[in-house]
Undergrad: 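This is the structure, below, for whatever I ask next.
Everything numeric in this text was worked out from a predicted model, so none of it was measured. Reckoned from all heavy atoms, side chains included, excluding hydrogens, waters and symmetry mates. Whatever order the structure lists ligands and atoms in, that order sets their numbers, starting from 1.
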Amino acid sequence: MSDCLFCKIVAKEVQADVVYETDRTLAFRDINPQAPTHVLVIPKEHHANAAALAEADDGLADDVLKAAHAVAVQEGVAEGGYRVVFNTGPGAGQTVFHVHAHVLGGRGLGWPPG
Ligand code: 5GP
Ligand code: ZN
């Protein structure tokens with residue numbers, strides 16, 4: 001999608017601090033971090049949100065979850081605890097409509113989230 005910010009990051013048309021990459025996923029630091037570790041994990045292929053990713057039916061959602069876990073291990077937050085969040089739709093605060101998992105950790109995370 002030519003007008004999608006995260007597709008532009010995949011295409012390296014927009015700079016990002018990439019921390020992890022596989023053939024089908026990319027992970028980079030959030031530009032406005034909400035925790036000491038705040039990494040966004042995306043499929044390189046464009047899907048608007050988690051619902052569309054779930055319907056992709058080709059194992060891509062599995063790849064994104066595995067990449068999120070790999071990022072947590074790499075960032076050193078897997079042992080202490082971390083959170084994986086897909087804001088899905090405007091009512092949940094989604095602002096970028098290329099599906100992304102937020103991987104948050106490195107501080108205490110309250111529940112329920114705001
Ligand atoms: P959402 O609100 O859609 O769940 O999350 C979008 C996230 O993308 C936000 O946390 C925001 O800080 C992040 N973001 C927006 N623009 C950019 C950007 O250009 N680069 C990076 N690395 N993150 C961005
Ligand atoms: Zn996109």
Side-chain angles (χ1 to χ4, degrees):
M1 291 248 310
S2 58
D3 60 344
C4 170
L5 173 62
F6 287 177
C7 281
K8 287 179 179 166
I9 287 177
V10 171
K12 302 200 186 319
E13 293 166 19
V14 171
Q15 193 277 331
D17 184 0
V18 172
V19 297
Y20 184 82
E21 183 170 9
T22 67
D23 58 339
R24 297 212 290 175
T25 70
L26 189 69
F28 50 92
R29 297 198 189 283
D30 196 292
I31 204 167
N32 183 24
Q34 302 300 311
T37 290
H38 188 173
V39 173
L40 303 176
V41 180
I42 67 170
K44 291 180 177 176
E45 184 176 283
H46 182 91
H47 295 279
N49 56 34
L53 178 62
E55 290 172 1
D57 197 29
D58 62 355
L60 193 55
D62 191 44
D63 286 1
V64 170
L65 183 58
K66 288 183 190 320
H69 173 63
V71 165
V73 171
Q74 184 176 290
E75 291 284 309
V77 299
E79 290 283 323
Y82 64 98
R83 185 168 292 161
V84 180
V85 176
F86 291 93
N87 294 327
T88 306
Q94 187 177 4
T95 59
V96 177
F97 290 88
H98 179 133
V99 62
H100 48 281
H102 295 257
V103 178
L104 296 147
R107 66 167 170 83
L109 297 165
W111 189 262

Undergrad: So which residues get pulled into Leu53's cluster when ILVMFWY side chains under 4.5 Å apart are joined, directly or through others?
TA: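 Reading the cluster by chain and number, Leu53 sits alongside Val19, Tyr20, Val39, Val41, Leu60, Val64, Val71, Val77, Tyr82, Val84, Phe86, Val99, Val103.
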Undergrad: I'd like to know whether ligand 1 has Gly93 as a neighbour, heavy-atom separation below 4.0 Å.
TA: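 A heavy atom of Gly93 does come that close to ligand 1.
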Undergrad: Quick check: do Phe6 and Pro43 have side-chain heavy atoms less than 4.5 Å from each other?
TA: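 Side-chain contact under 4.5 Å: no.
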Undergrad: Check each heavy atom of Phe6 against ligand 1 and say whether those closer than 4.0 Å belong to the side chain, the backbone, both or neither.
TA: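 Answer for Phe6: side chain.
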Undergrad: Test of understanding: given a 4.0 Å heavy-atom threshold, classify the contact between Phe97 and ligand 1 as side chain, backbone, both, or neither.
TA: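 Answer for Phe97: neither.
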Undergrad: Select one of side chain, backbone, both or neither to describe which atoms of Val14 lie under 4.0 Å from any atom of ligand 1, heavy atoms only.
TA: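 No part of Val14 is near ligand 1 at this cut-off.
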Undergrad: Using the benzene-type ring in the case of Trp, are the ring centres of His102 and His100 under 6.0 Å apart?
TA: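 Yes, they do, as the ring centres are separated by less than 6.0 Å.
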Undergrad: Could you list the atoms of ligand 1 found under 4.0 angstrom from a heavy atom of Phe28?
TA: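 It comes down to these atoms of ligand 1: 22 (N).
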Undergrad: Would you mind counting protein N, O or S atoms that sit less than 2.8 Å from the Zn ion (ligand 2)?
TA: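 Number of qualifying protein atoms: 4.
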Undergrad: Can Gln34 be said to touch ligand 1, with heavy atoms closer than 4.0 Å?
TA: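 Under 4.0 Å: no for Gln34.
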Undergrad: Select one of side chain, backbone, both or neither to describe which atoms of Thr95 lie under 4.0 Å from any atom of ligand 1, heavy atoms only.
TA: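 Both of them.
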Undergrad: Does Leu5 approach ligand 1 within less than 4.0 angstrom via side chain, backbone, both or neither, non-hydrogen atoms only?
TA: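 The side chain, only.
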Undergrad: Considering only the protein, which heavy-atom contact is closest to atom 5 (O) of ligand 1, and what is its distance?
TA: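 Answer for atom 5 (O) of ligand 1: His100 NE2, 3.0 Å.
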Undergrad: Looking only at distances, please establish whether an N/O atom of ligand 1 is found under 3.5 Å from an N/O atom of Gln94.
TA: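 It does not: no N or O of Gln94 is found under 3.5 Å from an N or O of ligand 1.
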